[in-house]
2 protein chains.
Amino acid sequence: MPKRVDHDLRRREIGEALLRIASTRGLQAASMREVATEAGVSLRLVQYYFHTKQELLLGALAYLGEQLSARVEEHIRALGLPPSPRSLVYGTLTAILPTDPESRRLTRTYAAYYALVLAEPELAADHGTAYPDLLERFLTTQLRTAQQAGQVDPDLDAPTVAAGLLALTNGLGSSVLGGQRDGDAALAILTYHLDRLFAHGTGGMASDNVAA
Amino acid sequence: MPKRVDHDLRRREIGEALLRIASTRGLQAASMREVATEAGVSLRLVQYYFHTKQELLLGALAYLGEQLSARVEEHIRALGLPPSPRSLVYGTLTAILPTDPESRRLTRTYAAYYALVLAEPELAADHGTAYPDLLERFLTTQLRTAQQAGQVDPDLDAPTVAAGLLALTNGLGSSVLGGQRDGDAALAILTYHLDRLFAHGTGGMASDNVAA
DNA sequence: GATTTTGTGATACGACCGTATCATCAAACC
DNA sequence: GGTTTGATGATACGGTCGTATCACAAAATC
């Protein structure tokens, strides 16, 4: 039929329409028809590019993963800081804290998917745990480097502390999304703990934070 | 009509049927009809005791809150420990960590409601933040007491550390529910951080203790 | 130029949803 | 003891859901 169209692009447009709905009204509001309307296409097109709803949900989840990791890398780059372990840890964790509209959007969408996967575990067998694990390993590496450089207490167990930092950040993010505190308050709490962690050996404050 | 029946009891039975569904299959699976079946009553009865679905969701949420706080108190009491600040903090946090079937059920259900509230904020105006706030204040109080007793570094900012501990625990809980690690691993991470926090002046390394 | 493919619209189907209505039957009340 | 009232059953209505089907036009292929 009409001009040959870029399949991957169309799929991405539709998938991101779903993500947009999920971030604002939740995944329950993301019906095929709503996604079609949001993407500005007909219901048939959504069906054409994603044969079934599960395909659509999984496809969009993949796009979300891409956006999330892109956000982390971009955020770290935007900090323009020396790639010290401290800066990398700080940049990574603040990237996934919902402080600005974009990170709020991402974390809200992530939370929506999280709940869906809890209810339907077969939907995303391990697509969910892969990225957190990667993040945790990255943080562990940075902490070990910082320990070797004498910036972090060498007696600390790096994997445990890394897991704790990530859990802390996720928990803070949940509290922000839940309206318990705002992004700045969460950032302050995170910074406080990071400062204490990296205060080893240095006389005092080692904080420089460029929030976005 | 038939024998006068205990309204509150019936409401509770139906509400808890919804919580059971929410914990296993998510809130999306909790239709009026499913709740009726799960509770062993007719659809009409569910409508009778909860005029609308929103009423049912809110009513069940209240029951969940009761179960949650009951679990925390019960858990602390079951520890049978001296009511030292350290024990109280430990007991409180481990109570909300999904380590056994019951706490898994509670946290899963809580997560389901959390996602719902994210999508429909008007559903539970502040019913959601009230309990976390209370928990945080309780932890803050215990930390201050511990500081006065010399068990925790007095230089720490108690409210910030309390918020951090709660966020850490919640984040760990999410990772357990998400299948990233099991309850024992999460408990080990939490214990590690608590041990460091309460290591002040007790012969452990006093150079630097951080909770996060 | 005929034919096959690729992309798109319109519409229909059966299932389930929340909610409403009507009927009924036993206890409570005067 | 008739009547009101509290509790429950059966069933229906309009809407939305995911999915399927039919039609059809423009490009690609031969």
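Everything quoted here is computed from the prediction, not taken from an experiment. Below, read A as the first sequence line, B as the second, and so on, with proteins coming before strands; counting in each chain starts at 1. Both backbone and side-chain heavy atoms feed into the values below; hydrogens, waters and symmetry mates do not.
Side-chain N/O atoms of A:Ser31 include one lying less than 4.0 angstrom from OP1 or OP2 on D:dC17. Contact check, A:Thr52 against D:dG18: no side-chain N or O comes under 4.0 Å of OP1 or OP2. An OP1 or OP2 oxygen of C:dT8 is reached within less than 4.0 angstrom by a side-chain nitrogen or oxygen of A:Arg10. A sub-4.0 Å separation between OP1 or OP2 of D:dG9 and a side-chain N or O of B:Ser42 is present. Residue A:Tyr48 has no polar side-chain atom (N or O) positioned under 4.0 Å from OP1 or OP2 of C:dG9.
Between A:Met32 atom CE and D:dT16 atom C1' there is a gap of 14 Å when expressed in whole angstrom units. Protein atom CZ of B:Arg44 is 14 Å distant from nucleotide atom P of C:dA23, rounded to whole Å. Distance B:Glu34 CD to C:dA15 P: 16 Å, rounded to the nearest Å. One atom, CZ of B:Phe50, and another, P of D:dT8, lie 13 Å apart when rounded to the nearest Å. Counting to the nearest Å, the C1' atom of C:dG18 and the CG atom of B:Leu27 are 16 Å from each other. The interatomic distance linking B:Lys53 (NZ) with C:dT19 (P) rounds to 8 Å, in whole Å. Per the geometry, OH belonging to B:Tyr49 stands 18 Å off P belonging to C:dT19, to the nearest Å. One atom, NE2 of A:His51, and another, P of D:dT21, lie 14 Å apart when rounded to the nearest Å.
When the nucleotides C:dC17, D:dG18, C:dT21 are ranked by their closest atom to the side chain of B:Arg33, C:dC17 comes out on top. When distances are taken from the side chain of A:Leu45 to each of C:dG18, C:dC22, C:dG9, the shortest belongs to C:dG9. The side chain of A:Gln47 has D:dT19 as its nearest neighbour among D:dT19, C:dA20, C:dT21.
Of all non-hydrogen atoms in A:Leu177 and A:Arg104, the two that sit nearest each other are CD2-O, 4.4 Å.
Ion pairing between a basic and an acidic side chain is recognised when a charged N comes within 4.0 Å of a carboxylate O; B:Arg181 and A:Glu136 show such pairing. A salt bridge does not link B:Glu16 with B:Arg20: every distance from a Lys NZ or Arg NE/NH1/NH2 to an Asp or Glu carboxylate oxygen is 4.0 Å or more. Using a 4.0 Å cut-off between charged nitrogen and carboxylate oxygen, A:Glu74 and A:Arg77 count as a salt-bridge pair.
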Derivation of the salt bridge (Lys or Arg N to Asp or Glu O under 4.0 Å) call for B:Asp100 and B:Arg71: CA-CA 12 Å; B:Asp100 59 83; B:Arg71 150 92 189 186; 2.9 Å; yes
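Each of A:Ala29 and B:Leu43 was matched to the nucleotide of DNA chain D holding its nearest heavy atom; the match closer to the 5' end belongs to B:Leu43.
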